Amino acid sequence: MALYQHQQLKIYNSLSGKKELFKPIHEGYVGLYVCGPTVYSNVHLGNVRTFMSFDVVFRYLKHLDYKVRYVRNITDAGHLENDADEGEDRIAKKARLEAIEPMEVVQRYTVDFHNILNTFNFLPPSIEPTATGHIIEQIEIIKSIMDKGLAYEVNGSVYFDVLKYNETKSYGILSKRKVEDLIHNTRQLDGQSDKKNPQDFALWKKAEPQHIMRWPSPWSDGFPGWHLECTAMSTKYLGEHFDIHGGGMDLKFPHHECEIAQAEACNDQPPVNYWMHANMLIMNGKKMAKSTGNFILPNEIFTGDNPHISKAFHPSVARFFMLQAHYRSILDFTNEGLLAAEKGFARLMEGINSLNSLNTSKTSSFDVNDWRQKCYEAMNDDFNTPILIANLFEGVKVINQIKDGSATISKDDLQIFKETFENFTFDILGLTNVSETASGADQLSGVVEILINLRKEARLNKDFALSDKIRDDLANIGVHLKDGKDGTTFTTN
RNA sequence: GGCGUCUUGGCCGAGUGGCUAGGCAAAGGUCUGCAAAACCUUGUACAGCGGUUCGAAUCCGCUAGACGCCUCCA
């Protein structure tokens, strides 16, 4: 029997504003779409947090034995510089500034994006389609929306008619906005526009002569509007109606709202059952922004080369730090937070590493199955990773108690204990065991064992000057000895 | 200006109408040759002011503040 049949997963649905029991459209299969990055600069750390949240969603669904198709696009074309008529493609603009080909920019930052995500131990999505690879599909969707009378062409550009759409459907169901309010609150932009109404959004934009990225279409040589690609790619790979659509909170409006409108206009049904939105990452209490200097590149976390942090941090520490907060909460990225997470993470790893050397007893003094179910319940409750981590620490406490002799575990229970730790820590949270993966670990431990034995002899001879020198000199190079009941172990940092 | 989310102990960060989150830091104890580690113990926390309730930090209202969206944005 598949695991999902035993676990009741609840997901907070932005559409209803409630936690709902998750039921996939086709039993055993899940279609998951997440809006990917625009590859015109280095991936933003906040972006990383969003994708990390969905990486964990992906991992947990897989762990529950669902067959998951996870689609995360690469936006390599089509996002307008602004909504006014000079509508210039961001990627084209960047290319002109750097005097290189647009696809060169795309390539460079796509590679950067993948490198960063790999470093953070992300699972690759099942499909990672590009916007430029789906121009034909996007044109087909525009045609279909025009056939329904919900889009109009002006001067080679095509716009979605929000007011017309709103006559029979409701625009704003996701972001809880009313079209009337939108009309009242729209700012009047200068030089506006071919649009009938300011709320209308572009499905196709005619390219200006200097615009490099362009494709032929029935209306003009141009490029697709910035909401369309996700509709095209999600429909193509997951169908007209699929299970989960995710993205950052800031995409809720207008991007996801427009996606819903386009898809409904085109296919006459709501495209998505569960909408999930990950909350923002701020830094030192403020929005991260390059312009104010309140900013850090993901890579700088690993190198420590940024004024906002005091040292370099391992990717898993940063990952652990982020997963200690729930994905729907705003998270404040601070040096102090990272420092605290680093210590906590080390404690967790030390606990897990000592699982292998635990002595077993006839009986167990704690209920390992109950503990395991608590771990599942945390994840079942809208992917509550902070609660899961709290449970893992409860497990670490038990490990240490067993080491101390104040708790016991049976052989069978130890097996479950180990397996559960492995599952949740590495498979689901996607953390990596830092000390285990250190290169030359075997050789190092051999050398340290020798020193531990020398120190033991010195201590037996009451030569504490020597024993302390061994301990302190090792500590100076980052090897910390720990005297326990059953001898001395060590950790490295 | 409009819409929305949020405000928890020294710090980070969960959660709930009445019962211990967890991590980091701090204090005492056990252990140790001394430490470190580990274990045990220790925190009158829920922005302010009203209201609902037998009971609210948890529900409602107001005030203040933060953050987000309304314009490319994860």
Side-chain angles (χ1 to χ4, degrees), chain A residues 14 17 34-38 40-41 43-54 75 79-84 88-90 93 172 175-178 181-182 184-187 189 198-199 226 246-255 257 277-282 285-289 320-321 324-326 328-334 336-345 347-348 350-351 354 374 378 381 384-394 396-397 399-407 459 462-464 467-468 471-472 475 480-485 488-491:
Chain A
S14 301
V34 172
C35 292
T38 303
Y40 71 109
S41 67
V43 61
H44 184 111
L45 188 62
N47 221 157
V48 170
R49 150 123 120 141
T50 297
F51 297 140
M52 190 182 291
S53 301
F54 290 104
T75 296
H79 277 207
L80 305 184
E81 183 71 13
N82 59 46
D83 212 32
E88 184 178 18
D89 194 298
R90 287 159 72 173
K93 184 176 182 188
S175 55
K176 317 282 185 272
R177 277 161 214 248
K178 295 194 177 77
D181 295 343
L182 289 173
H184 281 275
N185 294 318
T186 304
R187 273 183 238 170
L189 294 170
Q199 313 66 237
W226 62 282
M249 200 72 108
D250 48 351
L251 292 182
K252 208 170 177 182
F253 187 89
H255 186 243
E257 203 67 74
H277 290 96
N279 217 140
M280 302 292 108
L281 182 73
I282 59 175
K286 295 220 169 67
K287 179 180 178 166
M288 256 194 224
F320 179 79
F321 168 77
Q324 264 186 310
H326 186 85
R328 280 191 291 116
S329 297
I330 293 170
L331 174 62
D332 193 6
F333 187 90
T334 61
E336 294 70 35
L338 244 18
L339 251 17
E342 187 173 50
K343 289 187 181 169
F345 177 70
R347 198 164 114 87
L348 178 61
E350 279 172 40
S354 54
K374 277 191 182 135
D381 186 14
N384 199 322
T385 54
I387 295 283
L388 170 62
I389 290 171
N391 288 148
L392 293 177
F393 276 111
E394 292 298 331
V396 168
K397 195 170 173 178
I399 292 172
N400 288 326
Q401 284 172 340
I402 296 169
K403 269 207 292 197
D404 262 28
S406 60
R459 291 174 75 203
K462 299 243 191 287
D463 185 357
F464 298 123
S467 69
D468 288 357
R471 181 180 65 195
D472 298 342
H480 301 278
L481 301 187
K482 295 175 182 186
D483 296 331
K485 274 208 163 66
T488 302
T489 56
F490 74 97
T491 58

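Chain naming here is simple, since letters A, B, ... match the order of the sequence lines and numbering starts at 1 in each. Every heavy atom of this structure was used, including side-chain atoms; hydrogens, water molecules and symmetry mates were not. Since the structure is predicted, the reported quantities are computational estimates derived from the model, not experimental observations.
- Judged by distance alone, the side chain of A:Arg328 and the main-chain N or O of A:Asn279 form no donor-acceptor pair under 3.5 Å.
- Residue A:Arg459 places its side chain closer to B:C34 than to any other of B:A37, B:C67, B:C34.
- Taking only side-chain atoms of A:Lys287, from C-beta outward, the nucleotide of B:A74, B:A38, B:C67 with the closest atom is B:C67.
- Residues A:Leu281 and A:Met288 approach most closely at CD2-CE, 3.7 Å, considering heavy atoms.
- Nucleotides B:G1 and B:C54 are separated by 44 Å at their C1' atoms, to the nearest Å.
- Of all nucleotides listed (B:A35, B:A21, B:C39), B:A35 comes nearest to the side chain of A:Asp483.
- The minimum heavy-atom distance linking A:Ile399 with A:Ser354 is given by the pair CG2-OG, 3.5 Å.
- Note: CG (A:Leu348) to P (B:C24) measures 11 Å, nearest angstrom.
- For a distance-only test at 3.5 Å, the side chain of A:Asp468 qualifies as a donor-acceptor partner of the base of B:G33.
- Nucleotides B:G4 and B:C46 have their C1' atoms positioned 23 Å apart, rounded to a whole Å.
- As rounded to the nearest Å, B:G23 and B:U42 have P atoms that lie 14 Å from one another.
- With distances taken from any side-chain atom of A:Ser467 to the nucleotides B:A38, B:C69, B:G33, the minimum falls on B:G33.
- Across the C1' atoms, B:U58 and B:U8 are found 11 Å apart, a figure rounded to whole Å.
- Atom-to-atom, CD of A:Glu350 to P of B:A38 comes out at 7 Å; the value is rounded to the nearest Å.
- Checking B:G33, B:A74, B:A36 against the side-chain heavy atoms of A:Phe464 singles out B:G33 as nearest.
- Within 4.0 Å of A:Arg347, counting heavy atoms only, lie sugar-phosphate atoms of the nucleic acid but no base atom.
- Note on A:His44: a base of the nucleic acid sits closer than 4.0 angstrom, heavy atoms only.
- Candidate nucleotides B:G2, B:C67, B:C34 were compared by shortest atom distance to the side chain of A:Arg177, and B:G2 ranks first.
- Rounded to a whole angstrom, the distance from the P atom of B:G50 to that of B:A56 is 13 Å.
- Ring pair A:Trp226/A:His255 is parallel by interplanar angle, where below 30° counts as parallel and above 60° as perpendicular.
- The residue A:Glu394 sits close only to the backbone: its heavy atoms come under 4.0 Å of sugar-phosphate atoms, none of a base.
- Under 4.0 Å is where a charged nitrogen must lie from a carboxylate oxygen, and between A:Arg459 and A:Asp483 at least one such pair does.
- If you take CD of A:Glu342 and C1' of B:G23, they are 13 Å apart, rounded to a whole angstrom.
- Here the separation of B:U44 from B:U20, taken at their P atoms, is 15 Å to the nearest Å.
- No contact: A:Asn391 has no heavy atom under 4.0 Å from any strand.
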Requested in this report: Could you give me the CA-CA distance, side-chain angles and deciding distance for A:Lys397 and A:Asn400, then say whether side chain to side chain contact (heavy atoms under 4.5 Å, CB included) is met?
Outcome: CA-CA 5 Å; A:Lys397 195 170 173 178; A:Asn400 288 326; 5.8 Å; no
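- Counting any heavy atom pair closer than 4.0 Å across all strands shown, A:Arg471 reaches a base atom.
- Comparing the same atom, C1', in B:A45 and in B:A25 gives a spacing of 16 Å after rounding to whole Å.
- Considering only heavy atoms from C-beta on, A:Thr75 stays 4.5 Å or farther from A:Tyr40 through its side chain.
- Closest to the A:Lys482 side chain, of the nucleotides B:A37, B:A14, B:C73, is B:A37.
- For A:Phe253, counting side-chain heavy atoms from C-beta on, the closest listed nucleotide (B:C40, B:C69, B:A74) is B:C69.
- Within 4.0 Å (heavy atoms only), A:Ser329 reaches sugar-phosphate atoms of the nucleic acid but no base atom.
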Query raised in the report: With the sugar-phosphate defined as primed atoms, P, OP1 and OP2, and the base as all remaining atoms, what B/S/- string results for nucleotides 7-12 of chain B, 5' to 3', for protein heavy atoms under 4.0 Å?
Result: ------
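- Proximity note for A:Asp404 (side chain, C-beta onward) versus B:A38, B:A14, B:A74: the nearest is B:A38.
- A donor-acceptor distance shorter than 3.5 angstrom exists from the side chain of A:Asn384 to the backbone of A:Ile387, with no hydrogens or angles considered.
- In terms of heavy atoms, A:Ser175 sits closest to A:Phe253 at OG-CD1, 3.3 Å.
- OP1 or OP2 of B:A25 has at least one side-chain nitrogen or oxygen of A:Lys343 nearer than 4.0 Å.
- B:C70 atom P lies 13 Å from atom CE of A:Met249, rounded to whole Å.
- Rounding to the nearest 0.5 angstrom, the gap separating the CD atom in A:Gln324 from the OG1 atom in A:Thr385 is 9.0 Å.
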**Report entry** Pairing annotation in dot-bracket form, given for RNA chain B with Watson-Crick or G-U pairs under 3.5 Å and | for cross-strand partners
**Finding:** (((((((..(((.....[...))).(((((.......)))))....(((((..]....))))))))))))....
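- Nucleic acid contact class of A:Lys462 (heavy atoms, under 4.0 Å, all strands): none.
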Requested in this report: Test A:Phe51 against A:Arg49 for side chain to side chain contact (heavy atoms under 4.5 Å, CB included), laying out the working first.
Outcome: CA-CA 5 Å; A:Phe51 297 140; A:Arg49 150 123 120 141; over 6 Å; no
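- Residue contacts for A:Phe393: at a heavy-atom cut-off of 4.0 Å it reaches the sugar-phosphate backbone alone, with no base atom in range.
- Side-chain N/O atoms of A:Asn400 include none lying less than 4.0 angstrom from OP1 or OP2 on B:A37.
- For the pair A:Phe51 and B:A74, the ring geometry does not qualify as stacking, because the centroid separation below 5.5 Å and plane angle under 30° are not jointly satisfied.
- Between the NE2 atom of A:His277 and the C1' atom of B:C67 there is a distance of 17 Å, given to the nearest Å.
- Comparing B:C31 with B:U5, their C1' atoms sit 49 Å apart, to the nearest whole Å.
- The residue A:Ala278 sits apart from the nucleic acid: no heavy atom pair falls under 4.0 Å.
- Here the NE2-CD distance, from A:His480 to A:Glu350, works out to 9.5 Å after rounding to the nearest 0.5 Å.
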